[in-house]
Amino acid sequence: MTPSVSAGPRAAGVRPAPPGAVERATLVVGADGMRSTVAAKAGAPLVVEDPTSTCAYYSYWSGLRPGFRLYDAPGHWVGTVPTNDGATLVAGYFPQEQFRSVRGDALGALLTNVEKTAPELREEMAGGARLERVYGTGDQRNFFRQAAGPGWALVGDAAHHKDSITARGITDGFYQAQLLADCIGDGLHDPGRLSAALDTYTEQRMEALTPEYRATLKTARLNPPAHHLDLLRAIATSGELTDRYFSTLSGVCPIDEFVTPELLDLMEETDMKGTKG
């Protein structure tokens with residue numbers, strides 16, 4: 001479905017397959033992914049773009065201890081996510097410059113990454129069973145597109161995409177959809193109000209999503225600072241802290257509800273124990 005129906009410079013509908021049908025609309029909303037056809041047809045330019053940082057590969061194993069786990073070391077990142085029927089997703093992230101070699105032996109690269117970053121997890125995987133083939137991508141684009149224009153708007157990955165390492169895509173997609181609806185309200189059929197609403201949506205979207213975009217790019221460098229490793233050691237001591245950490249990464253838990261004085265004290269205690277050890 002493409003926004004090929006126009007009224008002068010304004011998008012006015014879509015011409016879906018099969019050819020011949022036309023759907024007219026006051027506003028065409030593109031929620032069609034990172035390679036958005038709606039964005040291309042509307043001529044939506046990139047307003048922010050950064051180089052890709054990582055490539056990612058994952059599969060599913062049985063026989064692993066259930067739970068969210070994260071292992072971070074310079075040049076390496078490994079995470080686990082419990083799924084249905086006792087299966088656990090195991091994902092590994094690699095620097096983008098390693099994409100060609102990793103793609104050539106994705107399973108071997110994933111297992112080596114786990115061995116180097118989380119040897120205890122690798123032992124669990126050896127005692128379990130891989131349930132599916134290895135999936136992955138090197139197409140981890142980082143950008144903001146212009147969010148709206150005359151008769152059209154973009155939401156989700158069509159409007160904004162970043163490295164998947166912080167798992168924010170779905171949360172950000174829902175946020176943008178709700179923000180667009182809230183900005184428009186009951187002004188859809190008032191041209192002046194609709195134009196102002198789209199301007200407001202564009203401005204508020206950038207303001208809300210830019211901080212997490214920058215934080216994601218920092219994480220995707222795969223070069224964690226020492227205090228981040230202290231944080232991971234601290235949250236590993238508590239299932240509740242681990243759940244809150246992943247909720248914060250996904251945007252569900254505000255950062256100020258996660259970083260508390262108690263957490264900072266625990267990080268200091270954990271660091272002191274590691275130094276003594």
Could you tell me whether [X] atom [atom1] has more than 12 heavy atoms of other residues or ligands within 6.0 Å of it?
X	atom1	result
L46	CG	yes
E120	CD	yes
E203	CD	no

For [X], what residues pass the side-chain hydrogen bond (donor to acceptor under 3.5 Å, both in side chains) criterion, not counting sequence neighbours?
X	value
T216	T166
E124	R69
T88	none
H76	N113

Candidate pair Q176 and L209, rule side-chain contact (heavy atoms from CB on, under 4.5 Å), full reasoning: CA-CA 9 Å; Q176 291 172 81; L209 298 183; 4.0 Å; yes
Check: G192 main-chain N/O paired with S195 side-chain donor or acceptor under 3.5 Å: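 Pair absent, no side-chain N/O of S195 close to backbone of G192.
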For residues 149-160, tabulate all N or O donor-acceptor pairs below 3.5 Å that involve a side-chain atom, not counting sequence neighbours.
| unit_1 | atom_1 | unit_2 | atom_2 | d |
| --- | --- | --- | --- | --- |
| H160 | ND1 | F143 | O | 3.0 |
| H160 | NE2 | K162 | NZ | 3.0 |

Atom of [X], atom of [Y] and distance for their closest heavy-atom approach:
X	Y	result
S59	L110	N-CD2, 4.2 Å
G138	C55	CA-CB, 3.8 Å
V114	R122	CG1-N, 3.7 Å
P95	G75	CD-O, 3.7 Å
S36	R145	CB-NH1, 4.1 Å

Set of residues satisfying ring pair (Phe, Tyr, Trp, His ring centres under 6.0 Å) with respect to F99, sequence neighbours excluded: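 Ring pair (Phe, Tyr, Trp, His ring centres under 6.0 Å) list for F99, sorted by chain: empty.
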Y93: partners by ring pair (Phe, Tyr, Trp, His ring centres under 6.0 Å), with sequence neighbours left out: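 Scan of Y93 (ring pair (Phe, Tyr, Trp, His ring centres under 6.0 Å), adjacent residues dropped) gives W77.
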Verify the cluster assignment for [X] and [Y]: are they in a single hydrophobic cluster under the rule of side-chain heavy atoms below 4.5 Å apart?
X	Y	value
L70	I165	yes
I170	Y213	no
L194	V29	yes
V28	Y201	no

Donor-acceptor side-chain pairing of D163 and T54 below 3.5 angstrom: yes
S53 versus Q140, side-chain donor and acceptor atoms under 3.5 Å: no
With rounding to the nearest 0.5 angstrom, report the [atom1] to [atom2] distance, [X] to [Y].
X	Y	atom1	atom2	result
F174	L179	CZ	CG	15.0 Å
D199	Q204	CG	CD	11.5 Å
T80	L89	OG1	CG	8.5 Å
T52	R141	OG1	CZ	10.0 Å
D32	T37	CG	OG1	5.5 Å

CA sep, side-chain torsions, deciding dist, call: Q146, T202, side-chain contact (heavy atoms from CB on, under 4.5 Å): CA-CA 7 Å; Q146 180 177 320; T202 297; 5.7 Å; no
Under the rule for salt bridge (Lys or Arg N to Asp or Glu O under 4.0 Å), what residues qualify as partners of [X], not counting sequence neighbours?
X	value
D85	none
R193	D186
R35	D139
R214	D50

Between [Y] and [X], is there a side-chain heavy-atom distance shorter than 4.5 Å?
X	Y	answer
T171	Y175	no
L121	E115	no
N142	H161	no
L198	L180	yes

Test log, rule side-chain contact (heavy atoms from CB on, under 4.5 Å), inputs Q178 and D182: CA-CA 6 Å; Q178 187 62 59; D182 290 343; 2.9 Å; yes
CA sep, side-chain torsions, deciding dist, call: T210, F144, side-chain contact (heavy atoms from CB on, under 4.5 Å): CA-CA 9 Å; T210 295; F144 284 88; 4.1 Å; yes
Side-chain donor-acceptor pairs of residues 128-136 under 3.5 Å, sequence neighbours excluded:
| unit_1 | atom_1 | unit_2 | atom_2 | d |
| --- | --- | --- | --- | --- |
| R130 | NH1 | E132 | O | 3.0 |
| E132 | OE1 | Y135 | OH | 2.6 |

